[in-house]
Protein chains: 2
Amino acid sequence: MSTPAKITPISGFPEYLPAERIVEQRFLDVIRETFELHGFSSIETRSIEPVDRLLGKGGDADKEIYAVSRLAGDEDDAKWGLHFDLTVPFARYVLENSGKLQFPFRRYQIQRAWRGERPQEGRYREFTQADIDVVDVGELSPHFEAEMPLVIADVFSKFPVGEFVIQVNNRKIPNGFYQGIGLTDVIGTLRIVDKLDKIGPDKVKELLVESGATPQQADQCLALAEIRSEDLSFVDRVRSLGVEHPLLDEGLESLANVIRTGLAHAPGRIVADLRIARGLDYYTGTVYETQFVGHEDWGSFCSGGRYDALASDGRNTYPGVGISIGVTRILGLLIGRGLVTASRSTPAAVLVALKDDESRDAAVAVATALRSRGIACEVAPTAAKFGKQIRYAERRGIPYVWFPGAGEPGDEVKDIRSGEQVPADAAAWSPPAADLMPAITRTS
Amino acid sequence: MSTPAKITPISGFPEYLPAERIVEQRFLDVIRETFELHGFSSIETRSIEPVDRLLGKGGDADKEIYAVSRLAGDEDDAKWGLHFDLTVPFARYVLENSGKLQFPFRRYQIQRAWRGERPQEGRYREFTQADIDVVDVGELSPHFEAEMPLVIADVFSKFPVGEFVIQVNNRKIPNGFYQGIGLTDVIGTLRIVDKLDKIGPDKVKELLVESGATPQQADQCLALAEIRSEDLSFVDRVRSLGVEHPLLDEGLESLANVIRTGLAHAPGRIVADLRIARGLDYYTGTVYETQFVGHEDWGSFCSGGRYDALASDGRNTYPGVGISIGVTRILGLLIGRGLVTASRSTPAAVLVALKDDESRDAAVAVATALRSRGIACEVAPTAAKFGKQIRYAERRGIPYVWFPGAGEPGDEVKDIRSGEQVPADAAAWSPPAADLMPAITRTS
């Protein structure tokens with residue numbers, strides 16, 4: 001094969017070395033296993049959608065679409081683009097298959113997506129997301145809004161990443177509150193308050209007043225946004241601001257239900273945080289963000305919310321609630337900063353050594369016996385000196401080297417970390433459970 | 001979210017319903033698990049490559065590349081295309097990371113690829129491949145050529161698909177043979193003989209004579225191509241044709257080694273078939289194809305071979321041997337024709353029923369207890385009548401419905417297939433192993 005050009009990475013399109021990929025696989029395995037334990041069905045969608053469908057979604061103006069067309073294409077090639085999230089294709093999938101799906105439909109989807117944005121640390125142009133959504137026809141029961149963060153708490157508590165916190169708000173709270181104090185541009189006000197973390201309260205107040213609020217209204221918006229509680233006390237703190245509106249009541253009741261459920265089933269993981277807004281216009285109820293404690297500067301790793309109309313086909317409306325784990329964002333932090341490592345670069349737990357070329361068949365038979373009991377292994381590539389074969393294992397982090405016939409007539413296996421070598425039978429020996437698969441370790 | 005256009009599938013971009021996706025997942029799980037047992041490390045590459053790299057690969061002229069560019073792009077957008085296989089990106093990955101990889105490097109890669117070809121049954125424009133390759137620096141030991149089909153035989157023997165056969169040839173055999181009988185256009189001759197299955201021996205002979213062979217030479221080419229054996233008898237049959245060439249000797253020795261290894265470790269799975277050529281020019285030694293017995297008309301589901309130069313960077317050459325499972329092709333046959341089905345459309349083995357809305361917390365606690373022991377479940381969406389909740393489970397194929405408190409004070413669980421309902425403790429009960437995960441069944 002020819003080598004047409006100098007090889008350089010493409011910015012924003014991350015790739016991993018084998019040991020890093022093992023870390024990624026472990027995270028993906030935990031996510032999938034947990035989603036399935038919670039009864040979500042897997043789907044995958046094609047990577048492309050018609051461009052008009054991708055553009056049809058409101059709100060997220062800063063996204064950039066990658067167009068796809070045949071290189072040798074004719075003029076009337078279909079206008080396709082790579083999907084930039086998993087929500088737009090899921091909404092289309094629900095409409096396309098609505099007659100064949102069972103509602104409420106609980107689905108998870110772990111796939112790549114693409115955005116042509118400027119790459120920077122923690123932002124990628126090709127990335128993997130892991131989404132769960134529950135979607136129903138006509139009406140969606142509110143308890144699903146309380147269930148989402150329980151699933152996410154279950155996933156994140158299995159990651160080797162330390163503490164995390166899921167921040168929850170309900171869009172009806174600021175919505176009703178703003179109307180209750182006489183502000184009518186709810187979305188505009190939300191967008192300004194959403195900048196609180198970046199620009200601080202003084203600047204937010206300034207922007208609110210510029211947009212038409214009185215200083216007193218601006219102060220009330222800030223007072224609401226500063227409310228945060230791990231328990232139900234946020235309700236009284238909002239009430240003490242003295243604002244009345246039916247939407248506010250609805251939002252408080254709904255958020256109280258989410259927090260109450262969190263206290264019962266995932267204590268300490270889920271907090272009410274009334275500054276959380278999420279930029280996307282189509283969220284109508286509960287919204288979620290997730291941060292790692294100590295890495296708040298990286299922003300949210302897992303976000304989502306409730307939408308009254310995930311999809312609509314004229315006859316039916318499909319409300320939904322969903323949340324999306326930014327897998328590549330998480331790994332960009334953990335792998336990029338060396339916070340999590342794998343103990344080896346191969347799944348193999350054992351290298352079967354080779355005394356001479358004639359004994360390869362016997363070595364393969366040992367490997368087959370080990371594999372039949374779920375022990376990953378490989379046979380040494382050459383009958384080099386044993387010292388060289390051991391170094392082959394060492395360089396890959398393979399913990400055990402197997403020596404067929406070394407016990408005359410039996411076999412022996414050496415733990416090359418301790419140097420201990422013991423008699424072993426390929427039909428019976430197993431490594432300690434901790435060595436069977438590569439170990440994933442938090443390094444700081 | 002708006003609905004900009006009528007929703008229709010895009011031809012050649014397959015998507016599955018949840019129960020079908022469970023079949024796909026099971027196949028992918030078997031492939032991954034088996035590759036890992038054989039000590040292959042996972043990598044994934046980005047979906048795009050520079051177009052000049054995609055075009056730089058010879059041979060496969062009928063492929064069509066999908067170009068990718070920013071929809072709102074400027075003129076000097078990089079020229080990227082979606083990869084059309086996993087070999088080109090792997091070769092680039094090896095060159096890019098050669099200083100960080102351990103050689104011989106055993107890698108597997110399970111990813112989507114894209115080709116802008118005319119879709120038809122068994123051919124897709126977006127599809128998943130599962131590749132293994134072993135690549136080394138400078139020299140690659142020939143025993144890896146014998147190892148590849150053992151791994152594939154291990155994978156396919158775990159699929160619920162009936163009999164399969166891996167057909168092996170060595171390009172040096174026809175290469176040396178053709179030269180030995182005085183034909184110099186080896187590639188041209190191979191391309192004609194490769195059509196044997198499609199157009200038959202008379203037409204092949206005609207084409208060979210048209211291209212300059214004598215009728216006697218054409219007959220000898222056909223006689224070679226008709227040789228097939230499950231044991232080593234092919235060697236004598238080739239010898240009996242009376243042709244001598246050093247490359248022919250090399251090829252026969254190498255193929256005999258592959259077949260001998262197959263007889264020892266995967267008897268009945270691997271046959272010598274001297275008509276197998278593989279279209280791609282860059283194969284230089286062993287080549288593989290795989291067919292399902294009874295579905296030969298679908299062609300090969302799993303192909304590959306040895307290349308002396310998978311990649312080269314001026315200083316080093318990287319020879320390799322690899323084989324690729326056409327996952328979407330296999331599933332297109334098995335799912336498309338309804339030959340394999342899943343017993344349910346969700347991973348959930350249990351639906352926890354809900355007596356009334358107030359008991360949701362208790363139902364969630366049951367679900368949490370079951371999940372902590374690896375039992376996938378979900379809580380009923382509403383406190384409907386129990387008959388309705390049972391039908392909810394039935395429609396999804398969930399085999400068990402759990403009734404908290406039904407045993408007053410204990411719980412009970414019902415197998416809704418048999419109707420049998422028994423006392424059960426969420427901290428101890430497990431379903432039979434066969435019900436824990438969806439069952440995948442061959443239906444004909």
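Lettering of chains follows the sequences in order, A, B, ..., and the numbering in each one begins at 1.
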[Y] side chain reached by [X] side chain, heavy atoms, under 4.5 Å:
| X | Y | result |
| --- | --- | --- |
| A:R112 | B:R112 | no |
| A:E378 | B:H38 | no |
| B:Y66 | A:R70 | yes |
| A:E15 | B:E44 | no |
| A:P347 | B:F35 | no |
| A:I43 | B:Y16 | no |
| B:F40 | A:T346 | no |

> OG of A:S345 to CG of B:L101: how many Å apart, nearest 0.5 Å?
Replying inline: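 Atom-to-atom, A:S345:OG and B:L101:CG are 9.0 Å apart.
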>> Between A:E20 and B:K100, does the salt bridge (charged side-chain N to carboxylate O under 4.0 Å, His left out) criterion hold? Intermediate values first, please.
In response: CA-CA 12 Å; A:E20 298 167 341; B:K100 297 168 187 161; over 6 Å; no
> Are a donor atom and an acceptor atom from the side chains of B:S47 and A:E126 found within less than 3.5 Å of each other?
Replying inline: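 Their side chains do contain a donor-acceptor pair, which is all the 3.5 Å distance test asks for.
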> Side chain, backbone, both or neither: which part of B:R344 has a non-hydrogen atom closer than 4.5 Å to chain A?
Replying inline: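 Neither part.
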> Which answer fits B:T317, side chain, backbone, both or neither, if we ask what part of it has an atom under 4.5 Å from a heavy atom of chain A?
Replying inline: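 Contact with chain A: none, neither part.
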> Is A:H265 reaching over with its side chain to a backbone N or O of B:V364, donor-acceptor style, under 3.5 angstrom?
Replying inline: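 A pair under 3.5 Å: no.
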